[in-house]
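Each remark here refers to the structure printed beneath this line.
Order of the sequence lines fixes the chain letters, A, B, ..., with proteins taken first and strands second; residue numbering starts at 1 for each chain.
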2 protein chains.
Amino acid sequence: MRALEQYDVLSDEERDALRALPLRTRLLQKNEEIIREGDRPTHSCLLVAGFAARTQNLEDGKRQITNLHAPGDFVDLHSLLLKRMDHNVIAFSDCEVAFIPHGALRELIDRHNHLSRLLWVTTLVDAAIDRAWITCLGRRPAIDHLAHFICELFTRLKGRGLNDGNSILFGATQVELGDILGMSTVHVNRTIQDLRKLGLIDWEAGRVTIRDFDRLADRAGFDPAYLNQWVEPR
Amino acid sequence: MRALEQYDVLSDEERDALRALPLRTRLLQKNEEIIREGDRPTHSCLLVAGFAARTQNLEDGKRQITNLHAPGDFVDLHSLLLKRMDHNVIAFSDCEVAFIPHGALRELIDRHNHLSRLLWVTTLVDAAIDRAWITCLGRRPAIDHLAHFICELFTRLKGRGLNDGNSILFGATQVELGDILGMSTVHVNRTIQDLRKLGLIDWEAGRVTIRDFDRLADRAGFDPAYLNQWVEPR
DNA sequence: CGATAGCTTGACTCACGTCAAGCCCGGTGG
DNA sequence: CCACCGGGCTTGACGTGAGTCAAGCTATCG
């Protein structure tokens, strides 16, 4: 509910409708698969706690993460309409998820036009994030790319109240970061060190601290507008 | 209408509703801006003929294209809900577009749940394409990336009946291709030549001919499933 | 007290970018 | 009808950002 309220206000009736959704929750360990490519899910999965990642695996064993998800995100809302998964979703950390039957979601969106639009918005914001990742991958050097990713992650988490001052808890290994940024592990390591040396961030034991957000954002060319974090009639 | 029918069947009533939409068409020359970053459009733009591209410009003058659109695609349906454009859309070739007032679209989706879902699907497929681009950019070498792009473009156009046997008409310059693939112009040139030498494609004067789709797709690791080109209740 | 996962470092390689020049072709103007 | 021009394509020489390989270091865990 909080996730949807980032984009527009909810009526009491809409809140009730959301509360009435049947949930089946589950705890997952880091790296457990939530959904596999090729699946035809009958439920959509809402992330309650922890991080989840969409991944695509290549023939030669390489892996690319195409988006990350934070608590409050629907991780596969699109399977409601696309039916067949074209990628995997895994638990990126230990996490808690809630499964909601497609039937219930379908009724919800058929009855509540405004809620339906807000759910649509969440998938559109995911797409906006994908576009930003494409631009970073295609046209930014590694250090700017990493800086952009940190800005984005921090801003997204802050939007949900999941930051801790200038820090966030984000327990990704450097191998995983490589899969996010499309770089080798070694280069991830060196790039983090570059940002550290510039006095822009600290990164230790799963805690990322931003020492100077403005300078970091400036280097990254980060403009948070694409995250659509404002309330507006939609 | 044909674009929506790729994903599910339409009822006569739905066709009528679509036909009743008020259109204002316009001809645009290659490189004309259709919508600019920061705009708050009051109309959404449907591409009728030609190609359009979403672009993001960096501070230092670099440019990245984040998606291409073919006739039948809505180029900024998301502005109906996101309100503010986070990127530019330009005419990638001379093209014809139709503008539809947001008010009319809004009524359409509020009245016709099934149409609303199908329009949602089109934005979800765009997102699936973005994910494929991310994976190509992050983890594939240039030649595989180009091969994948050609497979995707061909398959998308074929889905609309816009292919010409094994060829498609696609008048992009090598500079523009570089902006699509996130590579330098020189490297685009050499990569095209590599594919030519392998006997996989011809590319001359705006006509791309696929000499062996299976081998091309195999090299690219291309699996068309993510394009969702099949009819199914949605 | 090994075993293991993750981080760090150095040496080397290579894919791709940059720079610069030449070529081809169609369009324009004298 | 020709000279000129500019855009797009091609090529070679060279530089560099990032990948690969391999080793050592550190912290955590049984």
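Contacts classified as side chain to side chain donor-acceptor pair (under 3.5 Å) and involving residues 180-195 of chain A (residues at least two apart or in different chains) are given here: A:Gln174-A:Asn189, A:Asn189-A:Gln193. Residue pairs meeting the salt bridge (charged side-chain N to carboxylate O under 4.0 Å, His left out) criterion with at least one member in residues 166-175 of chain A: none, sequence neighbours excluded. Applying the salt bridge (charged side-chain N to carboxylate O under 4.0 Å, His left out) rule to pairs touching residues 128-147 of chain A yields A:Arg131-B:Asp86, A:Arg139-B:Asp179, A:Arg140-B:Glu59, A:Asp144-A:Arg219, sequence neighbours excluded. The side chain to side chain donor-acceptor pair (under 3.5 Å) analysis of residues 35-49 of chain B, with sequence neighbours excluded, yields the pairs A:Glu232-B:Arg40, B:Glu33-B:Arg36, B:Ser44-B:His102. Annotation: salt bridge (charged side-chain N to carboxylate O under 4.0 Å, His left out) contacts involving residues 44-53 of chain A, sequence neighbours excluded, are absent.
Atoms NZ (A:Lys62) and C1' (D:dT20) sit 11 Å apart, rounded to a whole Å. When the C1' atom of D:dA18 is taken as reference, atom CG of A:Asp194 falls 12 Å away, rounded to whole Å. Residue A:Ile143 contributes atom CD1, which lies 18 Å from atom P of D:dT16 at whole-angstrom precision.
Remark: the A:Arg190 side chain and the D:dG17 base include no donor-acceptor N/O pair separated by less than 3.5 Å.
Taking the ring-ring contact (aromatic ring centres under 6.0 Å, His included) definition, one finds that A:His148 meets it with A:Phe222, sequence neighbours left out. In this view, B:Asn163 and B:Phe154, B:Lys158, B:Ile168 satisfy the side chain to side chain contact (heavy atoms under 4.5 Å, CB included) rule, not counting sequence neighbours. Listed by chain and residue number, B:His78 satisfy the ring-ring contact (aromatic ring centres under 6.0 Å, His included) test with B:His87 (two or more places apart in sequence, or in another chain).
The side-chain heavy atoms of A:Met85 and A:Pro41, taken from C-beta on, include a pair separated by under 4.5 Å.
For the side chain to side chain contact (heavy atoms under 4.5 Å, CB included) test with B:Ile134, the passing option among A:Ile134, A:Ile180, A:Ile65 is A:Ile134; the others fail. Of the residues B:Gln64, B:Lys62, B:Arg63, B:Gln56, the one that meets the side chain to side chain donor-acceptor pair (under 3.5 Å) test with A:Thr135 is B:Gln56.
Summarising the local packing, CZ of A:Arg207 is surrounded by more than 12 heavy atoms from other residues, nucleotides or ligands at distances under 6.0 Å.
Read 5' to 3', the first and last nucleotides of DNA chain C with an atom closer than 4.0 Å to a heavy atom of chain B are C:dC16 to C:dC19.
Within 4.0 Å (heavy atoms only), B:Gly182 reaches sugar-phosphate atoms of the nucleic acid but no base atom. Using a 4.0 Å heavy-atom cutoff across all strands shown, A:Gly206 reaches no nucleic acid atom at all.
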Tabulate protein N/O versus nucleotide N/O from nucleotides 5-10 of chain D, keeping only pairs under 3.5 Å, one per line.
from: D:dC9; atom 1: OP2; to: B:Gln174; atom 2: N; distance (Å): 2.8
from: D:dT10; atom 1: OP1; to: B:Arg196; atom 2: NH2; distance (Å): 3.2
from: D:dT10; atom 1: OP2; to: B:Gln174; atom 2: NE2; distance (Å): 2.9
from: D:dT10; atom 1: OP2; to: B:Asn189; atom 2: ND2; distance (Å): 2.8
from: D:dT10; atom 1: O5'; to: B:Asn189; atom 2: ND2; distance (Å): 3.4

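One end of the helix from C:dC1-D:dG30 to C:dG30-D:dC1 points its axis 30° away from the other end's axis, with each axis taken from 5 pairs and the angle rounded to 10°.
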Check: How does protein reach along nucleotides 24-30 of chain D, written 5' to 3' as B (base within reach of a heavy atom under 4.0 Å), S (only sugar-phosphate), or - (no contact)?
Finding: -------
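Closest heavy-atom contact between A:Ala225 and A:Trp230: O-CZ3, 3.5 Å.
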